[in-house]
Amino acid sequence: MIDRRRRTVLQSGGSATLLGLLAATGWLKPGEARAEAWNKGAFDSHSMPDAMKALGGTDSVVPSKDIVFFQTPEIAENGAVVPIGITSNIPKTESIAILIEKNPNLLAAVFDLPGGTEPTVSTRVKMAQTSNIYALVKADGKYYVATKEVKVTLGGCGG
Amino acid sequence: MSDPMKIRASLVGDSTEVKVLMSHEMETGQRKDAQGQTIPAWFIQNVVVTHNGKTVLAAQWGTAVAKNPFLSFKFKGGAKGDKVTISWTDNRGDKRTDEAVIA
């Protein structure tokens with residue numbers, strides 16, 4: 001069902017700039033990720049608004065209590081390996097992105113979750129310093145965010 | 001060629017839990033070597049996980065994913081004995097594909 005809607009959007013969205021942007025980010029086509037789309041604009045962004053925009057989000061990113069961090073420490077002794085787990089309890093979650101506010105490049109990872117995949121991912125990231133971590137969730141075409149601060153005692157970017 | 005991924009795919013209730021450990025430097029491009037030369041970025045950009053030919057996870061990564069990346073997620077519809085295939089591509093164009101059987 002969701003897939004069919006995405007396909008329609010892709011077919012009809014060629015001229016609309018916002019939809020074109022969304023399609024270009026790869027957020028709208030998880031099933032076609034074999035095309036090896038990598039969203040350079042989003043990964044190169046150095047500020048929260050830029051990153052949000054490059055990911056297809058707009059001003060209307062809603063803070064949500066339905067996004068939960070797990071396995072994520074309050075204090076990370078080693079910034080080179082910080083476990084991050086994110087679960088979205090928002091229906092129709094399509095993708096989950098991890099952004100680290102004070103890293104040189106904010107965006108750490110984007111996970112596209114086709115229907116049937118549970119809206120839970122966990123991985124390990126590097127953090128340059130103590131920072132807020134944003135979990136940006138796209139669900140049913142809308143964007144939601146949750147924030148958690150992780151304190152880093154030893155930075156992970158060779159610093 | 002990099003080392004094989006360590007993959008564990010196990011059935012938990014009606015979901016398949018996939019845990020992967022990849023072998024990759026994930027160099028950020030921020031570090032300098034002893035001579036003060038910047039070490040070029042070298043990192044996995046795309047990860048695709050498929051089950052029975054259907055994509056169950058597609059990820060794009062930046063340099064902030066930790067060295068020797070770990071990834072865990074769950075999907076529905078897997079059965080014991082099914083194959084889960086994981087591929088990654090890094091920014092130099094290197095690729096690696098490994099598969100595991102759901103236990």
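Just so we're on the same page: letters track the sequence lines, and every chain starts at 1. The structure presented is a predicted model; accordingly, all values stated were derived computationally and were not measured.
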Legend entry - Derivation of the side-chain contact (heavy atoms from CB on, under 4.5 Å) call for A:Val145 and A:Ile67: CA-CA 7 Å; A:Val145 71; A:Ile67 305 167; 5.5 Å; no
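Both the backbone and the side chain of A:Ser122 come within contact range of chain B, each with at least one heavy atom under 4.5 Å from a heavy atom of that chain. Residue A:Phe111 touches chain B through both its backbone and its side chain, counting heavy-atom pairs closer than 4.5 Å. Looking at B:Leu21, only its side chain comes within 4.5 Å of chain A, counting heavy atoms on both sides.
For the options B:Thr16, B:Thr63, B:Ile39, B:Val49, heavy-atom pairs under 4.5 Å to chain A are most numerous at B:Thr63.
Side-chain contact between A:Met48 and A:Leu136 is absent, with no heavy-atom pair separated by less than 4.5 Å. Side-chain contact between A:Phe43 and B:Gln45: absent, with no pair of heavy atoms (C-beta onward) separated by less than 4.5 Å.
When the side chains of ILVMFWY residues are joined at heavy-atom separations under 4.5 Å, either directly or via intervening members, A:Ile90 and A:Tyr134 end up in a single hydrophobic cluster.
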